[in-house]
K.L.:
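Below is one structure. I have some questions about it.
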Amino acid sequence: AMLAYFVDADLTRLERWVKGLGHWGPVIFVFGTAMLCILFVPQGMLSVAGGILFGLGPGLLYVFLSECLSATLSFLIARNFLRMRVNQWMEKHPRLGIFDRAPSDRRMHLMFLMRLAPANFSLLNYVCAVSKVRLVSYLAALVGVLPGNLCTVYVGDVARHVSGRL
């Protein structure tokens, strides 16, 4: 209820704009939130917005697609363009090298478990990219974000219902 109260005026304008985009609204949401996540904007905040704007079912789908796109782009950017910079940063923080120290048959399991944690995954995306993690395993582990996405999109959907935006 408090969320609906504090964001009501801005949300009305955003909802009108997204609805005015028609079928392009979800596409722009997916690509826009993916770009924001690459820049370390917390996914949870964007997931709540997805619930408010689209409801539970479609919001969860769009948020998950956004997360997959963001994770893939972050991985490719870090692996191809930022490897040296991320490696330098990891040298200062050795705990981040966990994926290279883990046995290769346990890396996907580890990534999945880390995706279950309620955290900003931008850093995880970059760390995985410069490790020995394979892209296929990395992408498969993304299903771990679904429980957290369900919770945050649900919060947005509840705020939408409480504020009378059905």
Side-chain angles (χ1 to χ4, degrees), residues 1-83 85-86 108 111-130 133-166:
M2 288 182 63
L3 176 66
Y5 175 79
F6 285 110
V7 297
D8 192 48
D10 293 328
L11 200 55
T12 301
R13 285 193 298 275
L14 181 62
E15 278 182 310
R16 273 194 227 123
W17 182 72
V18 169
K19 286 183 186 196
L21 295 171
H23 295 298
W24 286 102
V27 174
I28 291 172
F29 176 82
V30 168
F31 280 94
T33 55
M35 295 304 115
L36 290 171
C37 288
I38 290 171
L39 300 173
F40 290 88
V41 172
Q43 177 72 24
M45 184 173 64
L46 302 170
S47 298
V48 171
I52 292 170
L53 293 171
F54 302 107
L56 183 60
L60 180 60
L61 174 65
Y62 302 148
V63 165
F64 182 66
L65 291 174
S66 169
E67 188 118 19
C68 290
L69 179 61
S70 169
T72 303
L73 291 174
S74 295
F75 187 93
L76 295 173
I77 289 167
R79 184 156 280 186
N80 295 306
F81 303 109
L82 300 174
R83 182 182 290 274
R85 187 162 183 121
V86 174
M108 185 176 148
M111 284 184 291
F112 174 78
L113 290 174
M114 292 183 85
R115 298 269 184 204
L116 287 173
N120 185 344
F121 300 117
S122 301
L123 176 61
L124 177 62
N125 296 337
Y126 289 111
V127 168
C128 287
V130 300
V133 168
R134 292 185 10 230
L135 180 59
V136 174
S137 299
Y138 172 78
L139 294 175
L142 282 172
V143 297
V145 301
L146 284 171
N149 285 349
L150 177 62
C151 293
T152 53
V153 171
Y154 181 71
V155 167
D157 188 45
V158 168
R160 176 176 162 220
H161 283 74
V162 168
S163 69
R165 298 179 184 286
L166 300 172

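As a basis for the values below, the full set of heavy atoms in this structure was taken, side chains included, without hydrogen atoms, waters or symmetry mates. Computed from a predicted structure; not experimentally measured.
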K.L.:
Does Leu123 reach the side chain of Phe40, with side-chain heavy atoms less than 4.5 Å apart?
P.N.:
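Yes; the side chains approach each other to less than 4.5 Å.
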K.L.:
For Val145, does its backbone N or O pair with a side-chain atom of Arg115 as donor and acceptor, under 3.5 Å?
P.N.:
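Not at all, since once roles are kept as given, no pair shorter than 3.5 Å links the two residues.
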K.L.:
If you count the non-hydrogen atoms of other residues, nucleotides and ligands that lie under 6.0 Å from CZ in Phe31, is the total more than 12?
P.N.:
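No - once you tally the heavy atoms of other residues, nucleotides and ligands closer than 6.0 Å, there are 12 at most.
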K.L.:
For the pair Ser66 (side chain) and Tyr62 (backbone), establish whether a donor and an acceptor sit closer than 3.5 Å, ignoring hydrogens and angles.
P.N.:
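Absent.
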K.L.:
For Asn149 and Ser47, which heavy atoms make the closest approach, and how far apart are they?
P.N.:
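Shortest heavy-atom separation between Asn149 and Ser47 comes out as OD1-OG, 3.8 Å.
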K.L.:
If you take all heavy atoms of Phe75 and Val133, which pair is closest and at what distance?
P.N.:
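Closest approach of Phe75 to Val133: CZ-O, 3.8 Å.
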K.L.:
For Arg85, I'd like to know if atom CZ has over 12 heavy atoms of other residues, nucleotides or ligands within 6.0 Å.
P.N.:
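Incorrect, the count does not exceed 12.
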K.L.:
Would you find a donor on one side and an acceptor on the other, under 3.5 Å apart, between the side chain of Thr152 and the backbone of Val48?
P.N.:
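Checking the backbone N and O of Val48 against the side chain of Thr152, no donor-acceptor pair under 3.5 Å is found.
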K.L.:
Could you grab the distance from atom CG of Leu73 to atom CG of Asn125, nearest 0.5 Å is fine?
P.N.:
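Answer rounded to 0.5 Å: 10.0 Å.
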K.L.:
Which pair of non-hydrogen atoms, one from Leu142 and one from Ala71, has the smallest distance, and what is that distance?
P.N.:
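Looking at all heavy atoms of both residues, the closest pair is CD2-CB, 3.8 Å.
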K.L.:
Report yes if the side chains of Leu56 and Val158 come closer than 4.5 Å at any heavy-atom pair, otherwise no.
P.N.:
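With C-beta onward as the side chain, the pair stays apart.
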K.L.:
Ignoring hydrogens, what is the shortest heavy-atom contact between Gly144 and Leu116? Give both atom names and the distance.
P.N.:
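The answer is O-CD2, 3.3 Å.
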K.L.:
Nearest 0.5 Å please: distance from the CG atom of Leu113 over to the CE atom of Met111.
P.N.:
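Going from CG on Leu113 over to CE on Met111, the span is 10.5 Å.
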K.L.:
Would you check if Asp157 and Arg160 make a side-chain contact, meaning some heavy-atom pair closer than 4.5 Å?
P.N.:
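Side chain of Asp157 against side chain of Arg160, heavy atoms only: contact under 4.5 Å found.
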K.L.:
Of all the heavy-atom pairs spanning Ala78 and Val130, show the shortest one and how long it is.
P.N.:
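Heavy-atom minimum between the residues: O-CG1, 4.1 Å.
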K.L.:
Atom OG1 in Thr72, atom CG in Leu139: separation rounded to 0.5 Å?
P.N.:
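Atom-to-atom, Thr72:OG1 and Leu139:CG are 4.5 Å apart.
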K.L.:
Kindly say whether Ile38 contributes a backbone atom to a donor-acceptor pair with the side chain of Tyr126 at under 3.5 angstrom?
P.N.:
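Side chain of Tyr126 to backbone of Ile38: a pair is present.
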K.L.:
So which of Leu21, Leu65, Val63 actually passes side-chain contact (heavy atoms from CB on, under 4.5 Å) with Phe29?
P.N.:
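The option that passes is Val63.
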K.L.:
Atom CE of Met108 and atom SG of Cys128: how far apart are they, to the nearest 0.5 Å?
P.N.:
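So the CE of Met108 and the SG of Cys128 are separated by 12.0 Å.
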K.L.:
What distance separates Met35 CE from Ile28 CD1, expressed to the nearest 0.5 Å?
P.N.:
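Separation between the atoms: 13.0 Å.
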K.L.:
So how far is it from Leu53 CG to Trp17 CH2, rounded to the nearest 0.5 Å?
P.N.:
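Going from CG on Leu53 over to CH2 on Trp17, the span is 10.0 Å.
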